[in-house]
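Take a look at the structure set out below.
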Amino acid sequence: MKDNNIERKGFKELLASSLKSEDTEEWIDVYFTRPIGLAFAIFWNKLGVTPNAITILSIFLGVAAGVMFYFTDFVHNVCGVLLLMFANFCDSTDGQLARLTNQKSMIGRCLDGFAGDVWFFAIYLAIVLRIWHQHIPGTTEPWGVYGLAIAALAGIVSHSPQSSLSDYYRQIHLYFLKGKEGSELDSYATEHEIVESLKERKGMFWEKAFHSNYQNYCKSQEKRTPEFQKLRKELKEKFPNTENIPQAWKEEFLKESRSLMPMTNFLTFNSRAILIYITCLLNCPWIYLFLEITLYNIIYMYMHKRHEVLCKKMYFKLNDNS
């Protein structure tokens with residue numbers, strides 16, 4: 001549905017209102033991806049295109065990028081770079097359009113996450129097939145199933161939990177910065193209630209599927225953050241309304257959480273995409289897989305430990321001040 005309010009505002013005003021927050025945005029997004037995404041959002045809005053339709057388009061672009069990365073020649077790889085960049089522009093566009101036109105939804109959020117998973121599944125599969133018959137450096141042994149095993153470790157064991165927890169930490173930060181309305185901090189309990197209520201209703205297959213998948217996503221995040229769950233429970237009991245949480249307490253939490261945002265951002269799309277571009281163009285994509293397993297996991301574990309320590313500290317401060 002077309003929103004005429006977008007056309008009545010200036011580009012800078014629209015850009016500012018489409019950003020989640022200065023704390024959680026990467027500089028490459030603020031100065032490059034978001035402005036381009038906004039230009040596309042304005043264009044798609046004129047045509048009445050919905051955010052979810054743009055997300056679906058991004059899936060096709062991301063998969064096409066993966067196909068291009070299977071080839072070893074420069075031209076195909078440059079095409080892969082451009083296709084993945086356009087997929088990312090679409091990813092930025094759908095979120096900005098949803099925020100500007102108030103079309104945010106849980107299904108849109110899940111579809112957005114699913115799109116990213118499909119992109120990287122296609123890319124990891126392309127890398128595995130690309131190096132399958134190539135020799136492991138320093139040996140005459142082809143990568144074969146070793147490449148598949150490394151890709152599985154990089155994608156399933158490393159990339160997936162890193163991205164989901166990074167997203168969770170950003171939503172926690174936004175929750176204390178902008179309140180419930182400015183964050184997408186959901187819970188397993190709430191989603192489980194929705195899933196149970198949908199079981200009694202006929203049809204609505206896709207809605208049931210989305211909520212069922214999303215409840216498991218939330219459960220995984222909560223299982224890995226016991227100190228935050230303890231803090232969240234305490235806050236809910238003491239301050240049912242987020243607005244009543246002492247401002248000084250929130251500012252202290254945000255100050256330390258803000259220092260973790262560069263790590264959460266590093267573990268998301270941009271750094272991975274840049275490494276994929278470089279290693280594929282240099283015909284050594286296996287290096288990306290090893291960096292995913294090593295460097296990214298080190299940052300992930302450090303970020304996780306620091307955030308849990310922060311939550312434990314703020315839990316005690318909350319009780320000291322009460």
Side-chain angles (χ1 to χ4, degrees), residues 20-21 23-26 91 95 104-121 153-196 208-237 242 253-254 256-269 271-272 292 296-315:
K20 294 178 181 177
S21 79
D23 289 355
T24 57
E25 296 280 1
E26 292 183 79
D91 180 61
K104 292 189 293 183
S105 68
M106 191 285 303
I107 290 179
R109 176 165 158 74
C110 286
L111 187 62
D112 193 54
F114 174 74
D117 291 341
V118 174
W119 301 354
F120 278 99
F121 175 81
L153 280 173
I156 300 170
V157 180
S158 303
H159 182 159
S160 181
Q162 291 165 12
S163 295
S164 68
L165 203 60
S166 295
D167 178 61
Y168 196 53
Y169 289 157
R170 284 199 303 274
Q171 298 310 323
I172 291 170
H173 189 89
L174 288 169
Y175 179 76
F176 291 121
L177 180 67
K178 305 180 79 172
K180 189 176 181 180
E181 295 302 316
S183 168
E184 295 169 336
L185 184 63
D186 299 309
S187 70
Y188 169 75
T190 301
E191 286 303 311
H192 185 66
E193 285 181 12
I194 296 172
V195 170
E196 291 301 309
K208 290 177 184 178
F210 276 115
H211 279 285
S212 181
N213 178 68
Y214 193 53
Q215 73 166 354
N216 293 328
Y217 181 76
C218 292
K219 187 176 183 179
S220 169
Q221 291 173 320
E222 292 174 5
K223 187 176 180 180
R224 286 176 284 156
T225 53
E227 292 298 336
F228 174 70
Q229 302 314 316
K230 184 179 175 182
L231 174 61
R232 190 180 192 182
K233 183 180 178 183
E234 189 74 4
L235 284 168
K236 201 170 185 179
E237 290 176 359
T242 316
F253 184 97
L254 288 168
E256 295 198 38
S257 174
R258 197 171 287 117
S259 68
L260 298 177
M261 289 302 105
M263 283 181 276
T264 69
N265 290 333
F266 182 82
L267 294 177
T268 51
F269 175 81
S271 69
R272 285 190 171 92
E292 177 67 76
Y296 280 75
N297 270 328
I298 290 169
I299 294 172
Y300 167 73
M301 290 185 287
Y302 178 68
M303 175 188 71
H304 178 236
K305 182 178 179 180
R306 276 193 58 186
H307 202 275
E308 285 290 278
V309 169
L310 169 60
C311 291
K312 187 174 183 177
K313 169 187 167 183
M314 297 310 294
Y315 173 85

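Heads up: numbering here begins at 1 and tracks the sequence. Bear in mind that the values here come from a model prediction, so they are computed numbers and not experimental data.
Contact annotation: the side chain of H173 never approaches that of L260 to less than 4.5 Å [non-hydrogen atoms, C-beta and beyond]. Put simply, the side chain of E308 reaches to within 4.5 Å of the side chain of P226, judged on heavy atoms. At least one side-chain heavy atom of M303 sits under 4.5 Å from a side-chain heavy atom of S166. Y300 places a side-chain heavy atom less than 4.5 Å from the side chain of N297. The shortest distance between side-chain heavy atoms of Y168 and T225 falls below 4.5 Å. The closest side-chain heavy-atom distance from Q229 to K233 is not below 4.5 Å.
Here R170 contributes atom CZ and N265 contributes atom CG; the two are 6.0 Å apart, rounded to the nearest 0.5 Å. For the atom pair CG of N213 and CD of E191, the computed distance is 10.0 Å after rounding to the nearest 0.5 Å. Considering NE2 of H304 and OH of Y169, their distance stands at 4.0 Å, rounded to 0.5 Å. To the nearest 0.5 Å, the span separating CG on L254 from CE on M314 amounts to 9.0 Å. In this structure, R306 CZ and K313 NZ are separated by 10.0 Å, a value rounded to the nearest 0.5 Å. We find the CG-OG distance between D23 and S259 to be 11.0 Å, quoted to the nearest 0.5 Å.
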Run the side chain to side chain contact (heavy atoms under 4.5 Å, CB included) test on T268 and E26 for me, step by step, so that the C-alpha distance in whole Å, both residues' side-chain angles and the decisive distance to 0.1 Å come before the verdict. CA-CA 10 Å; T268 51; E26 292 183 79; 3.6 Å; yes
List the steps and the verdict of side chain to side chain contact (heavy atoms under 4.5 Å, CB included) for D91 and W119. CA-CA 11 Å; D91 180 61; W119 301 354; 3.7 Å; yes
The test is side chain to side chain contact (heavy atoms under 4.5 Å, CB included); show your working for K230 and C311 and say whether it passes. CA-CA 8 Å; K230 184 179 175 182; C311 291; over 6 Å; no
Quick one, T24 with Q171, criterion side chain to side chain contact (heavy atoms under 4.5 Å, CB included). Give me CA distance, side-chain angles, the key distance, then yes/no. CA-CA 9 Å; T24 57; Q171 298 310 323; over 6 Å; no
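Note: F120 and H159 have perpendicular aromatic rings, judged against thresholds of 30 and 60 degrees for the angle between ring planes. Using the six-membered ring where Trp is involved, F253 and H307 have ring planes that are perpendicular, over 60° apart on the 30 and 60° scheme.
The two residues C218 and S187 come nearest to each other via the heavy atoms CB-C, 3.9 Å. Pairing each heavy atom of F228 with each of L185, the nearest pair is CZ-CD2, 4.1 Å. The shortest non-hydrogen separation linking E184 to Y214 is O-OH, 4.0 Å. Nearest heavy-atom pair, Y188 versus K219, reported as atom, atom and distance to 0.1 Å: CD1-CB, 3.6 Å.
Within the 3.5 Å criterion, the main-chain N or O of V309 finds no donor-acceptor partner in the side chain of E227. In this structure, the side chain of S271 engages the main chain of F266 through a donor-acceptor pair within 3.5 Å. A distance-only check finds no donor-acceptor pair linking the side chain of S212 to the backbone of A209 [under 3.5 Å]. Checking side-chain atoms of R272 against main-chain N and O of L267 turns up a donor-acceptor pair under 3.5 Å. Counting only distance, with no hydrogens or angles, the side chain of Q215 and the backbone of V195 share no donor-acceptor pair below 3.5 Å.
Applying the salt bridge (charged side-chain N to carboxylate O under 4.0 Å, His left out) test to R224 and every residue at least two apart in sequence or in another chain returns nothing.
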